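First comes the structure, then the notes that go with it.
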Protein chains: 2
Amino acid sequence: MSTPAIHSDALAQKLADSGLRNTPQREFVYDALLKKRDHPTADEVYARVKTQLPGISLATVYNCLETLVQCDLVRAVNFERAPTRYCPNQHPHAHFHDESTGSTHDIELPPGLLAKIKGILPPGYDAEAIELTFRGKAPPSR
Amino acid sequence: MSTPAIHSDALAQKLADSGLRNTPQREFVYDALLKKRDHPTADEVYARVKTQLPGISLATVYNCLETLVQCDLVRAVNFERAPTRYCPNQHPHAHFHDESTGSTHDIELPPGLLAKIKGILPPGYDAEAIELTFRGKAPPSR
DNA sequence: TCCTTCTTTAGAATTATTCCAATTTCAACT
DNA sequence: AGTTGAAATTGGAATAATTCTAAAGAAGGA
Ligand SMILES: [Mn+2]
Ligand SMILES: [Mn+2]
Ligand SMILES: [Zn+2]
Ligand SMILES: [Zn+2]
């Protein structure tokens, strides 16, 4: 069998919730993100999925990633003007971008920090999304 | 006299510190940022400076903005994949991006918050820069 | 099956930014 | 004051991530 199975059908559920169809392309793209959680770019996802779905197009990869972001299964992560990276980690977390290696690390947020951060907003500000990103040197991966 | 004078020569100082020359283009670009602190894009800076230095080129505006960023006089601010915006506010602050108006607001950080945020990094991580950005609805400007 | 809608696809278009080669500016040194 | 080499500016070409477009391919319900 060739259908990916990692995702415990959270995908099917979220797609249904949004009135969208479940397609092989969407499954393979989501699976690629779950299988290697290194915040790949669209191009990198394209290369990985192509080994399993040789006919998939880059446009479709962009479409699928956008769909997954809409469904709240994936976050789009941007560092300066570098290509967008994609992250399936659903826990509240920050991103650390290591300039020297180009790698991206998830930094878990302690409970309450997001609330405290949101608390700095003056009255009347309503934040839908908060992004916290670090840039610097990460420890050797060992 | 046609030389801008807003900037109390912090510019001349920082340029000298970096071994760079002070030029009219750099002065006018920096002045444009200080005069209207609405986080303009490079194109917007170009349009504003052109009224005073009609011969300036867009490439030079990009060069000057990059120089100002290197000198730590200006921050480059990115929201998703929108054009980079430029901010001369030197205080530690976050950015709030209002989706409906497209406007960007500075959010002052309470003392200690940056340290607390930096404190969530596991041992070995060394952050050179921290970006905190909000996206949502800001109150009417009144 | 028919019909409608959603999705995928290839390739063209967009566009912010960077690159390049040719001038211009400028400060240092005769 | 004139020379000179480095730094800076300029216009235009190039780059590259992403989006758009129009056509073809699923899929689900009547
Ligand atoms: Mn980087
Ligand atoms: Mn926006
Ligand atoms: Zn992540
Ligand atoms: Zn700012």
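What you see below is based on every heavy atom in this structure, not just the backbone, and it leaves out hydrogens, waters and symmetry mates. Protein chains get the first letters and strands the later ones, always in sequence-line order, with residue 1 at the start of each. Note that this is a predicted model, so its numbers are computed, not measured.
Under the 4.0 Å criterion applied to side-chain N and carboxylate O atoms, A:Arg48 and A:Asp38 are assigned as salt-bridge partners. Under a 4.0 Å N-O distance rule, the pair A:Asp98/A:Lys137 qualifies as a salt bridge.
Distance CZ (A:Phe28) to P (C:dT7): 18 Å, rounded to an integer number of Å. At whole-Å resolution of the value, CZ in B:Arg26 and C1' in C:dT25 are 12 Å apart. In this structure, the CG atom of A:Leu65 is 13 Å from the C1' atom of D:dA17, given to the nearest Å. As a whole-Å value, the separation of A:Glu44 CD from D:dT18 P is 11 Å. Spacing between atom CG of B:Asn78 and atom C1' of C:dT17 amounts to 12 Å, rounded to whole angstrom units.
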What verdict does the side chain to side chain donor-acceptor pair (under 3.5 Å) test give for B:His39 and B:His95, after you've listed the backbone C-alpha separation in whole Å, the side-chain angles of each residue and the deciding distance to 0.1 Å? CA-CA 10 Å; B:His39 302 83; B:His95 286 110; 3.3 Å; yes
Side chain to side chain donor-acceptor pair (under 3.5 Å) between B:Asp106 and B:His91: does it pass, once the steps are laid out? CA-CA 10 Å; B:Asp106 285 349; B:His91 302 110; over 6 Å; no
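A search for salt bridge (charged side-chain N to carboxylate O under 4.0 Å, His left out) contacts involving B:Arg81 returns nothing, not counting sequence neighbours.
Taking the side chain as every heavy atom from C-beta outward, A:Glu131 and B:Glu80 never approach each other to under 4.5 Å.
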Restricting to nitrogen or oxygen on both sides, can you table the protein-nucleotides 9-16 of chain C pairs closer than 3.5 Å?
{"from": "C:dT9", "atom 1": "OP1", "to": "A:Gly55", "atom 2": "O", "distance (Å)": "3.2"}
{"from": "C:dT9", "atom 1": "OP2", "to": "A:Ser57", "atom 2": "N", "distance (Å)": "3.2"}
{"from": "C:dT9", "atom 1": "OP2", "to": "A:Thr60", "atom 2": "OG1", "distance (Å)": "2.6"}

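Using cut-offs of 30° and 60° on the angle between ring planes, the pair A:Phe96 and A:Phe134 is parallel. Between B:His97 and B:Phe79, the ring planes lie parallel to each other; the angle is under 30°, not in the 30° to 60° tilted range.
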Heavy-atom contacts, protein to nucleotides 22-30 of chain D, under 4.0 Å, summarised as B (base), S (sugar-phosphate only) or - (none) per nt, yield ----BB---
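Within the 4.0 Å cut-off from OP1 or OP2 of C:dC26, not a single side-chain nitrogen or oxygen of B:Thr23 is found. Residue A:Thr41 places none of its side-chain N or O atoms closer than 4.0 Å to OP1 or OP2 of D:dA17.
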